[in-house]
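Protein chains get the first letters and strands the later ones, always in sequence-line order, with residue 1 at the start of each. Since this is a predicted model, take the numbers as computed values, not measurements.
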Amino acid sequence: MIKGIAVQKRKESPRWLELAIPVAGILLALVTGAIFLSFLGVSPVKAYREMIISSLGDSYGLSETIVKAIPLALAGLGVMLSFKMLIWNIGAEGQIFIGSLATAAMVRYCFIDNSVVMFCLMVLAAAFAGGAWAAVAGYLRARWRVNEIITTLMMNYVAIHLVDYFVYGPWRDPGSLGFPMTAPFPNSARLYQFGDSRVHLGIIMAIILACIFYWLFRYTRWGYEIRVIGENPKAADFAGMDYLKNVVMVMFLSGAIAGIAGMTEIAGLQGRLQHGFSAGYGYTAIIVAWLGRLHPLVILIVSFLLGALLVGGDTLQIMMRLPLSTTLVIQGLILFFVLGGEFFRRYSIKIISERDSS
Amino acid sequence: MDILIPILAAAVRSGTPILYATLGEILTEKSGVLNLGLEGIMLMGAFTGFAVSMYTGNPWIAIAASFLVGMIITSIHGFLCITMGANQVVSGLALTMAGTGASSLLGRNFIGETITGLGKMHLPFLSEIPFIGPILFDHDPLVYISYFLVLFMCFFLSFTKSGLSLRAVGDSPRSADSVGISVVRTRYFYTLIGGGIVAIGGAYMSVAYTKMWGDLMTAGRGWIAVALVIFAIWHPMRAAFGAYLFGGVEAFQLRLQAAGTTIPTPLLMMLPYILTITVLLVISIREGKGLIFEAPSSLGQPFYREERE
């Protein structure tokens with residue numbers, strides 16, 4: 001007989017929970033998503049089968065999953081940096097757009113017919129533009145406590161409209177038959193693509209950056225400072241760590257990496273700047289960073305999983321005529337369940353039975 | 001004068017959805033819970049309002065249904081943040097994602113449909129006041145209800161016992177608990193009611209303002225409302241002022257577009273978002289540290305009755 005349920009605070013959470021919570025969260029989200037789909041008259045078994053086969057079933061599917069994982073991993077690493085400091089940068093989407101805008105500007109105005117020089121120019125431009133865009137919100141936050149969630153989010157809308165201004169206006173390719181896009185980039189402004197797949201150089205950049213951040217946070221004083229400022233700003237201030245400087249710097253880096261994500265997406269994959277080219281990668285990156293528990297290497301793995309989800313979403317759109325937002329529902333559900341699961345890291349639940357008390 | 005009246009009247013109309021969302025969030029935040037899911041709740045409210053008025057033909061049933069749906073989806077946020085002590089920022093973002101996705105999934109077959117929606121209601125005497133009458137009293141009933149809600153919330157928060165307990169729970173949950181106010185119950189109640197009011201803001205968009213359903217039709221108004229709560233320093237009267245300011249910018253921008261201005265549309269569309277940042281910056285500089293005193297001090301922090309060791 002069950003007599004009651006006792007909730008106890010854990011002294012430390014067991015290691016297996018670190019893996020069990022996200023896995024259980026994703027599974028429960030998929031189950032809930034299935035219920036929602038069948039409510040809409042869509043067969044969830046068929047939908048999920050299509051999703052899995054198209055994203056993980058063969059080498060083409062896997063390569064497409066990696067293609068989607070690249071911007072997610074890069075933007076996820078950027079978001080991770082600011083989240084470590086408890087600065088809520090929700091603006092990766094806008095920083096991606098600004099990074100791609102700077103890339104297109106480079107191709108248009110500073111084109112040099114050499115792929116190495118062009119690569120460096122594009123990376124620098126995208127990183128600087130995305131970084132500066134994010135640093136504005138960081139400065140406002142650190143100097144006047146302006147809520148960074150709102151400023152970064154509002155700047156997303158501004159960035160998207162800014163790109164629209166250029167692709168609908170002065171930069172529109174006259175040969176695009178009226179579509180809002182620039183002319184295709186010349187070959188030396190394109191990133192290397194592996195074999196005959198669409199996987200491009202961005203994946204190497206993501207892996208290198210993840211390793212650098214892993215090292216920074218584990219072995220350097222700066223990485224340590226960032227964590228302390230995030231966890232305990234008062235102690236950090238007492239220890240003489242400069243809050244304003246660090247917030248602005250972290251936001252700059254965070255935006256710079258998201259900007260690079262935008263660059264790889266248009267120079268590596270799409271070959272031109274066009275209206276609405278990022279399908280919410282900057283928002284999905286928030287989930288990537290959160291599910292990856294702000295650990296750079298885990299973020300790489302999680303970005304692969306969510307890349308598969310996005311490829312599956314594309315398939316649903318083509319095969320079953322469901323809107324792309326289906327994956328947005330599943331993403332939201334994953335976050336809900338993982339958040340709920342966090343509770344069990346802090347508390348253990350014991351069922352007290354008759355026998356225990358006697 | 002004659003050009004000003006229609007613009008100001010339009011400002012009230014387009015400010016109303018933001019006003020409802022801001023008022024709802026003020027109630028929620030006063031209890032100490034931060035809800036960043038407004039965008040998702042508004043979209044679900046807008047969809048529900050549209051779908052229900054299409055099937056029943058009655059806008060009032062539609063608005064009631066939106067209120068209910070708003071409460072139901074906000075209850076997920078409430079459960080995670082109040083009972084489970086989860087991170088309120090992340091939970092709010094999840095609510096926005098799920099609500100946005102669900103509304104466009106559910107609404108995919110409703111695009112292009114039309115409804116009669118909520119019509120204008122002339123108020124005798126009031127609408128005949130020169131200048132003020134056509135601006136404030138020549139709208140649909142939902143606008144009048146929002147005036148009433150602003151006044152009621154001012155009165156409620158300052159002069160009633162329940163309003164006092166609500167503020168106590170947000171400012172100092174521990175002392176509220178010690179005088180016998182249930183922190184958990186109060187937080188649930190106002191988080192859910194707040195979510196319902198936010199959803200009415202969404203329903204206003206589809207049932208009264210545009211009378212149609214469009215994918216992502218709130219276009220960031222939920223986030224603007226989150227910013228307006230800070231601008232309003234959690235005061236309903238200032239929320240109304242802020243919402244109409246935004247409504248005015250939107251009305252002005254639409255009028256410019258209709259007049260065939262040479263300014264490119266994408267640049268005009270940026271205006272409300274730039275204004276949000278500016279407004280937030282000005283209020284943060286001007287109020288400085290004062291803003292921290294005005295905010296409910298336990299905002300965003302979970303409350304545990306006894307530390308469960």
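- Of the two parts of B/Leu80, only the side chain, counted from C-beta on, holds a non-hydrogen atom closer than 4.5 Å to a non-hydrogen atom of chain A.
- Scanning residues 323-337 of chain A against chain B with a 4.5 Å non-hydrogen threshold yields A/Pro323, A/Ser325, A/Thr326, A/Leu328, A/Val329, A/Gln331, A/Gly332, A/Leu335, A/Phe336, sorted by number.
- In A/Tyr243, the OH atom is crowded: over 12 heavy atoms of neighbouring residues, nucleotides or ligands sit closer than 6.0 Å.
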Would you check, one step at a time, whether the test side chain to side chain contact (heavy atoms under 4.5 Å, CB included) holds for B/Ile224 with A/Met154?
CA-CA 8 Å; B/Ile224 290 176; A/Met154 291 292 119; 3.9 Å; yes

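- Chain A is approached within less than 4.5 Å, heavy atom to heavy atom, by B/Thr100, B/Gly101, B/Ala102, B/Ser104, B/Leu105, B/Leu106 from residues 100-107 of chain B, ordered by number.
- With contacts defined as side-chain heavy-atom distances shorter than 4.5 Å, the pair B/Ile285/A/Arg143 does not qualify.
- Inter-residue side-chain proximity for B/Val90 and A/Phe83 is flagged as unmet; no heavy-atom pair is nearer than 4.5 Å.
- Side-chain contact between A/Leu40 and B/Arg108 is present, with heavy atoms from C-beta onward closer than 4.5 Å.
- The salt bridge (Lys or Arg N to Asp or Glu O under 4.0 Å) test applied to A/Asp164 returns no partner, not counting sequence neighbours.
- Contact annotation: the side chain of A/Tyr283 approaches that of B/Met97 to within less than 4.5 Å [non-hydrogen atoms, C-beta and beyond].
- Residues A/His161 and B/Leu267 have side chains not in contact (no heavy-atom distance under 4.5 Å, counting atoms from C-beta outward).
- With a threshold of 4.5 angstrom between heavy atoms, B/Gln88 does not approach chain A through any atom at all.
- With rounding to the nearest 0.5 Å, the separation of CH2 in A/Trp88 from CG in B/Leu36 is 10.0 Å.
- Considering only heavy atoms from C-beta on, A/Ile149 comes within 4.5 Å of B/Trp223 through its side chain.
- A/Leu162 is listed as a side-chain neighbour of B/Met270, based on a closest heavy-atom distance under 4.5 Å.
- Atoms CD and OG, from A/Glu342 and B/Ser91 in turn, are 12.0 Å apart once rounded to the nearest 0.5 Å.
- Here the CG-CZ distance, from B/Leu280 to A/Arg145, works out to 12.5 Å after rounding to the nearest 0.5 Å.
- Residues of residues 68-76 of chain B lying under 4.5 angstrom from chain A, judged on non-hydrogen atoms, are B/Ile76 in numerical order.
- The greatest number of non-hydrogen atom pairs below 4.5 Å with chain A, out of B/Gly40, B/Pro272, B/Ala86, B/Gly220, is found for B/Gly220.
- The 12-atom threshold is exceeded at CZ of B/Phe110, counting heavy atoms of other residues, nucleotides or ligands nearer than 6.0 Å.
- Inter-residue side-chain proximity for B/Val226 and A/Leu153 is flagged as unmet; no heavy-atom pair is nearer than 4.5 Å.
- When all heavy atoms of A/Asn147 and B/Ile230 are compared, the pair lying nearest together is ND2-CD1, 3.8 Å.
- B/Ser284 contributes atom OG, which lies 8.5 Å from atom CG of A/Leu140 (distance to the nearest 0.5 angstrom).
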